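Given the structure is predicted, the values throughout are model-derived calculations rather than measurements.
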Amino acid sequence: MSADQILSQFAASGAETSFHGRHIDPQIMAGLDGNNWRLNDYEARGGYQALRKILALDGGEGLTQDQVIATVKESALRGRGGAGFPTGLKWSFMPRQFPGQKYLVCNSDEGEPGTCKDRDIMQFNPHIVIEGMIIAAYAMGISVGYNYIHGEIFATYDRFEVALEEARAAGYLGDKILGSNFNFQLHASHGFGAYICGEETALLESLEGKKGQPRFKPPFPASFGLYGKPTTINNTETFAAVPWIIRNGGSAYLACGKPNNGGTKLYSVSGDVERPGNYEIPMGTPFSTLLELAGGVRSGRKLKAVIPGGSSSPVLPASIMMECTMDYDSIAKAGSMLGSGAVIVLDDSRCMVKSLKRLSYFYMHESCGQCTPCREGTGWLSRMVDRIEDGQGRPADMDLLNSVADNIQGRTICALGDAAAMPVRAMIKHFRHEFEYHVEHKTCMVPAYV
């Protein structure tokens, strides 16, 4: 079924429309929330010009694979999924002369609490992700790719499928793309909503139809990835940055940010702010500016703390966070991580013990159970924090929490154990007095908590 046929079906069927056996919002799929996601509109904004540039279709000389990778390296684009690894360097790891099949995978399994940027990119500009993946495949000599999309964003998945159909029909995907000798097939794959599948090797296991559990590394995906073949995995936002870089040059993208942190980044701002949402700002912008864009702290209250990179990153008190700029190096120097860019703002009405209780329960619930320190340790952390919050805490609990966290962090196959341990250690480091108050007085020291 073509893209237009799918959309016509949506428009004609109303609320009972189904696609892939699911009922979805016909207004979203019919483009009644705006048609700027369609191929024609994307092309009008310069879409697929980067692809045409590397294939020498507009009178230029084109770009070789090495030149594309060099341009991405020059841009200082770092992985936008959380780790912040240099994208061009990762692409250079792919063995381009490997004689068998190689794969390209987009990690759109956005499950980090506080993060909601990738789904908006695919919802409102899916072709920019597709073009970015095509360029990446060209640079690494890859002919097959997959976009692994989070299992709970059905309408977004369906819209991406429509965009794929449009790209195929226009000759941007398939065999002999735009008349060249370059072939690339791209498919969407729906995940099942497990947080652990955001870890790249667990994603590969799930994509292969197996239980989503992380693999031991090494070997790394660049040598042993999907179906045991060389594979490169990048985040949705990372691929979305590539077309602009190729059109305008690596140095221009670097100039949008700061050294070692090129370009702009999307930040999902949530919590106690007046205008929660996604904000795109240059890397290196002061946190105070981002907070101002989000309308400041809600109801005129005081800023207490910020979780700067999603729930897995250590919390920072307001005094430290207000001195930070929004880039990987500044946040790391302050003792936390930029992560996925999910900025969770906490005002002075928030009880840090109760906040940690919610985080600890999440990681206990989402542990895949493969590693004993994580499987057992996350449960211990959650139950201890519950005990403190419920007025049954003991003076030794803070040190015991730190001890359990120390025995989880760095002792698991993937980083979920670290993600569970680091928030605990940071909360106790910066807000130990609140935990001690809970233990001593059997109640919260923030009576205004709502």
**Request:** Tell me, yes or no, whether the heavy-atom count around His365 atom NE2, taken from other residues, nucleotides or ligands under 6.0 Å, exceeds 12.
**Result:** no

**For Glu199, all residues meeting salt bridge (charged side-chain N to carboxylate O under 4.0 Å, His left out), sequence neighbours excluded** = Lys217

**Request:** Output the distance between atom CD1 (Ile233) and atom OG1 (Thr201), rounded to the nearest 0.5 Å.
**Result:** 7.5 Å

**Item:** Flag, side chain of Asn125 to backbone of Trp37, donor-acceptor distance under 3.5 Å
**Value:** no

**Test side-chain contact (heavy atoms from CB on, under 4.5 Å) applied to Met122 and Ile149, step by step** = CA-CA 10 Å; Met122 290 185 291; Ile149 300 175; 4.1 Å; yes

**Request:** Could you grab the distance from atom OG1 of Thr232 to atom CG of Leu226, nearest 0.5 Å is fine?
**Result:** 11.5 Å

**Message:** Treating Arg119 as the side-chain partner and Ile153 as the backbone partner, does any N or O pair qualify as donor plus acceptor under 3.5 Å?
**Reply:** no

**Message:** Test of understanding: with ring pair (Phe, Tyr, Trp, His ring centres under 6.0 Å), list the residues that count as partners of Phe220, not counting sequence neighbours.
**Reply:** none

**Prompt:** Ignoring hydrogens and geometry, is there a side-chain-to-backbone donor-acceptor pair from Asn407 to Ser403 under 3.5 Å?
**Reply:** yes

**Fill in**
For Tyr253 and Ala241 the tightest heavy-atom approach is OH-CB, 3.6 Å

**Message:** Which residues pass the side-chain hydrogen bond (donor to acceptor under 3.5 Å, both in side chains) test with Tyr146, not counting sequence neighbours?
**Reply:** none

**Message:** If I take atom CG from residue Leu57 and atom CD from residue Gln49, how far apart are they, to the nearest 0.5 angstrom?
**Reply:** 9.5 Å

**Request:** Any chance you could measure Ile54, atom CD1, to Leu63, atom CG, to the nearest 0.5 Å?
**Result:** 7.0 Å

**Message:** Which residues pass the salt bridge (charged side-chain N to carboxylate O under 4.0 Å, His left out) test with Arg383, not counting sequence neighbours?
**Reply:** none

**Prompt:** Should the pair Asp66-Lys73 be classified as a salt bridge under the 4.0 Å nitrogen-to-oxygen rule?
**Reply:** no

**Complete:** Scanning both residues in full, the closest heavy-atom pair of Gly212 with Cys197 reads CA-SG, 4.0 Å

**Item:** Between NZ on residue Lys102 and CD on residue Gln97, distance to nearest 0.5 Å
**Value:** 7.0 Å

**His127 side chain to Glu166 side chain, donor-acceptor N/O pair below 3.5 angstrom** = yes

**Request:** Report the residue from Leu104, Val144, Ile135 that forms a side-chain contact (heavy atoms from CB on, under 4.5 Å) with Phe184.
**Result:** Leu104

**Prompt:** Would you say the side chains of Asn147 and Ser108 form a donor-acceptor pair under 3.5 Å?
**Reply:** yes

**Prompt:** Should Asp329 and Lys258 count as an ion pair when the cut-off is N to O under 4.0 Å?
**Reply:** no

**Item:** Residue pairs fulfilling salt bridge (charged side-chain N to carboxylate O under 4.0 Å, His left out) with at least one residue in residues 167-178, sequence neighbours excluded
**Value:** Glu165-Arg168

**Request:** Using a 4.5 Å cut-off on heavy atoms from C-beta on, say whether the side chain of Pro276 contacts that of Val273.
**Result:** yes

**Residue pair Ala294 / Val269: nearest heavy atoms and the distance that separates them** = CB-CG1, 3.9 Å

**Request:** Say whether, by atom type as modelled, one donor and one acceptor occur between the side chain of Thr71 and the main chain of Gln67 under 3.5 angstrom.
**Result:** yes

**Request:** Report yes if the side chains of Leu416 and Tyr195 come closer than 4.5 Å at any heavy-atom pair, otherwise no.
**Result:** yes

**Item:** Where at least one partner belongs to residues 201-215, residue pairs that pass salt bridge (charged side-chain N to carboxylate O under 4.0 Å, His left out), sequence neighbours excluded
**Value:** Glu205-Lys210, Glu205-Arg215, Glu208-Lys210, Glu208-Arg215

**Asked** If you take all heavy atoms of Thr378 and Ser367, which pair is closest and at what distance?
**Response** OG1-CB, 4.1 Å

**Prompt:** Is there a donor-acceptor contact under 3.5 Å linking the side chains of Tyr363 and Ser382?
**Reply:** no

**Asked** Do you know which two heavy atoms are closest between Thr231 and Lys229, and how far apart they sit?
**Response** OG1-O, 2.9 Å

**Asked** Is the backbone N or O of Ser312 less than 3.5 Å from a side-chain atom of Glu112, with the two atoms forming a donor-acceptor pair by type?
**Response** yes

**Request:** Apply salt bridge (charged side-chain N to carboxylate O under 4.0 Å, His left out) to Arg247 and list each qualifying residue two or more places apart in sequence or on a separate chain.
**Result:** none

**Prompt:** Quick one: ring pair (Phe, Tyr, Trp, His ring centres under 6.0 Å) partners of Phe182, sequence neighbours excluded?
**Reply:** Tyr138

**Asked** Residues two or more places apart in sequence or in another chain: which of them pass salt bridge (charged side-chain N to carboxylate O under 4.0 Å, His left out) with Asp41?
**Response** Arg45

**Message:** What's the separation between atom CG in Asp120 and atom OG in Ser268, rounded to the nearest 0.5 Å?
**Reply:** 7.5 Å

**Message:** With a 4.5 Å cut-off on side-chain heavy atoms, are Leu338 and Tyr267 touching?
**Reply:** yes

**Message:** With heavy-atom distances below 4.5 Å as the criterion, would you say the side chains of Ser223 and Pro230 are in contact?
**Reply:** no

**Message:** Does any part of the side chain of Met94, heavy atoms only, come nearer than 4.5 Å to the side chain of Ile142, both counted from C-beta?
**Reply:** yes

**Prompt:** Hey, does the side chain of Arg159 reach the backbone of Gln123 with a donor-acceptor pair shorter than 3.5 angstrom?
**Reply:** yes

**Request:** For the pair Asn261 (side chain) and Pro259 (backbone), establish whether a donor and an acceptor sit closer than 3.5 Å, ignoring hydrogens and angles.
**Result:** yes

**Request:** Answer yes or no: is there an ion pair linking Glu237 with Lys265, defined by an N-O contact shorter than 4.0 Å?
**Result:** yes

**Complete:** Sequence neighbours excluded, the answer for ring pair (Phe, Tyr, Trp, His ring centres under 6.0 Å) partners of Tyr172 is Tyr48

**Message:** Between Thr325 and Asp327 (side chain of the first, backbone of the second, donor and acceptor by atom type, cut-off under 3.5 Å), is there such a pair?
**Reply:** no

**Asked** At their closest point, which heavy atom of Pro214 faces which heavy atom of Cys368, and how far apart are they?
**Response** CD-SG, 3.9 Å

**Item:** Min side-chain heavy-atom separation Ser143-Gln185 under 4.5 Å
**Value:** no

**Item:** By side chain to side chain contact (heavy atoms under 4.5 Å, CB included) - contacts of Ala139 (at least two apart)
**Value:** Val68, Ile69, Trp91

**Request:** Compute whether any side-chain donor of one residue and acceptor of the other, for Glu131 and Tyr42, lie under 3.5 angstrom apart.
**Result:** yes

**Asked** Is a donor on one side and an acceptor on the other found under 3.5 Å between the side chain of Thr238 and the backbone of Arg80?
**Response** yes

**Non-neighbouring partners of Tyr148 that pass side-chain hydrogen bond (donor to acceptor under 3.5 Å, both in side chains), sequence neighbours left out** = Ser206

**Asked** Is a side-chain N or O of Thr285 found less than 3.5 angstrom from the main chain of Pro282, in a donor-acceptor match?
**Response** yes

